[in-house]
Amino acid sequence: MPLPRSFYARSTLDVARDLLGKVLVHRVRGATTAGVIVEAEAYVGETDPACHAATGPTGRNRPMYGEPGHAYVYLNYGVHFLFNIVTEPAGHPCAVLIRALQPIDGLATMRRRRAAARGARGLPDHELCRGPGNLTRAMGITIRDNRADLCGDRLFLEDRGVPSGDVAWSPRIGITAGADRPWRCFLVGTPSVSGWHAGGRGGRGAQASRNLP
DNA sequence: CGTTCGATGCACT
DNA sequence: GTGCATCGAACGT
């Protein structure tokens, strides 16, 4: 059962944190894939220099200005689709980037898609949806899913009561502008989480906390 | 281990 | 024409 739109129509940082432990489900051509969200990043409106809305409304970022609970998907580096979830009431151009999943349904489909893309074969389960570009590939999410209503029955999120572990916040990965804002959150100790972990090498300031940054 | 770098498409200036 | 919210192969230490 999809999460209600009210779930998304809240503060982006709250939604990002609450998405951890929720399950992303994609049904396409009879194949279902699903995974638990273990890592996400908040992009918070026109005043956030890393947010696509920092330049004001454009053709690309238009979905962010619309109703919450919709997908914002775009092609990045000409290679990878990145999947975002639009948050906050319409008119507030905010979204949460999903960066990693713990796969739970359709592992064989995921493995086939990853292998078809780059010939990546024999991947361990925890690498199938590790990283924002990898998870869209494994889940079969493409530009066709841009603006999809996540309150429908094709691409949606649901609460399966997965026990959520400790949450940590850190700076966002792969950006330059706005790199000082600790708006990446993840479940500590989950092998599917991309990049560096709290307390991991580099010690780049991840804070273990259930609270907001 | 670590860092660099090419692939590849398109939105935006 | 410039610059990416990436990935992983290839190289250096």
Side-chain angles (χ1 to χ4, degrees), chain A residues 12-13 15-17 19-20 24 35 37-66 70-88 92-101 103 110-124 126-147 169-186 191-197 199-206 213:
Chain A
T12 304
L13 292 178
V15 175
R17 179 197 54 197
L19 279 170
L20 300 179
L24 175 64
I37 297 175
V38 297
E39 180 185 3
E41 285 177 355
Y43 288 86
V44 191
E46 295 180 342
T47 60
D48 175 1
C51 183
H52 283 177
T55 56
T58 66
R60 181 176 63 171
N61 67 27
R62 190 174 184 79
M64 298 182 83
Y65 286 83
H70 287 253
Y72 169 43
V73 180
Y74 71 97
L75 182 63
N76 173 63
Y77 290 102
V79 181
H80 306 285
F81 294 107
L82 268 56
F83 172 65
N84 296 259
I85 295 170
V86 176
T87 61
E88 311 214 8
H92 298 255
C94 305
V96 173
L97 170 70
I98 305 304
R99 289 193 57 93
L101 309 172
M110 292 180 180
R111 194 164 273 114
R112 186 178 68 248
R113 287 170 176 156
R114 290 294 308 276
R118 196 186 272 266
R121 301 208 253 194
L123 289 174
H126 71 270
E127 286 186 20
L128 288 172
C129 298
R130 183 180 193 178
N134 288 334
L135 81 85
T136 56
R137 178 66 67 179
M139 293 287 293
I141 294 171
T142 71
I143 198 64
R144 295 202 53 178
D145 297 299
N146 191 29
R147 308 174 81 157
W169 293 87
S170 81
R172 294 169 291 185
I173 289 179
I175 57 164
T176 51
D180 55 314
R181 307 180 188 202
W183 290 347
R184 166 181 177 251
C185 59
F186 57 95
S192 296
V193 170
S194 73
W196 33 275
H197 295 222
R201 201 195 176 297
R204 290 186 242 189

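Residue numbers begin at 1 in each chain, while the letters A, B, ... track the order of the sequences.
- With a cut-off of 3.5 Å on both pairing distances, C:dA5 has no Watson-Crick or G-U wobble partner at all.
- Among the atoms of the strands shown, only primed sugar atoms or phosphate atoms (P, OP1, OP2) are found under 4.0 Å from some heavy atom of A:Ile175.
- A:Arg60 places a side-chain heavy atom less than 4.5 Å from the side chain of A:Tyr72.
- Per the geometry, OH belonging to A:Tyr74 stands 13 Å off P belonging to B:dA11, to the nearest Å.
- A:Arg184 and A:Ser170 form a side-chain donor-acceptor contact under 3.5 Å, judged by distance and modelled atom types alone.
- Base pairing annotation: B:dT3 forms a Watson-Crick or G-U wobble pair with C:dA10, both donor-acceptor distances under 3.5 Å.
- With rounding to whole Å, A:Arg130 atom CZ is found 18 Å from C:dA5 atom C1'.
- When the C1' atom is used for both B:dC10 and C:dG8, the distance is 22 Å, rounded to whole Å.
- Rounded to whole Å, the distance from CG on A:Asn84 to C1' on C:dA5 is 8 Å.
- Regarding contacts with the backbone of B:dA11, every side-chain N or O of A:His52 stays at 4.0 angstrom or more from both OP1 and OP2.
- Here A:Arg114 lies in heavy-atom contact (under 4.0 Å) with sugar-phosphate atoms only.
- A straight line from NE2 of A:His80 to P of B:dA7 spans 14 Å, rounded to a whole angstrom.
- Looking at the side chain of A:Tyr77, the nearest of the listed nucleotides C:dT6, C:dA5, B:dT13 is C:dT6.
- Among the protein residues, A:Thr176 comes within range of no part of the nucleic acid, since none of its heavy atoms lies under 4.0 Å from any strand.
- Within 4.0 Å (heavy atoms only), A:Asn134 reaches sugar-phosphate atoms of the nucleic acid but no base atom.
- Between A:Ala71 and A:Phe83, the shortest heavy-atom distance links the atoms CB-CE1, 3.7 Å.
- To the nearest angstrom, P of B:dC10 lies 7 Å from CG of A:Leu75.
- In the model, A:Arg130 has no side-chain atom that pairs as donor or acceptor with a side-chain atom of A:Ser194 under 3.5 Å.
- If you take CZ of A:Arg137 and P of C:dG8, they are 11 Å apart, rounded to a whole angstrom.
- Atoms CD1 (A:Ile143) and P (B:dC10) sit 9 Å apart, rounded to a whole Å.
- Looking at heavy atoms from C-beta onward, A:Val96 lies out of side-chain contact with A:Glu41 at the 4.5 angstrom threshold.
- Note on A:Arg99: a side-chain N or O is less than 4.0 Å away from OP1 or OP2 of C:dT6.
- Among the protein residues, A:Gly133 comes within range of the sugar-phosphate backbone only, with heavy atoms under 4.0 Å from sugar or phosphate atoms but none that close to a base.
- Counting to the nearest Å, the P atom of C:dC4 and the CG atom of A:Asn76 are 11 Å from each other.
- Look at A:Tyr43 and the base of C:dA5; the rings stack, centres closer than 5.5 Å and planes less than 30° apart.
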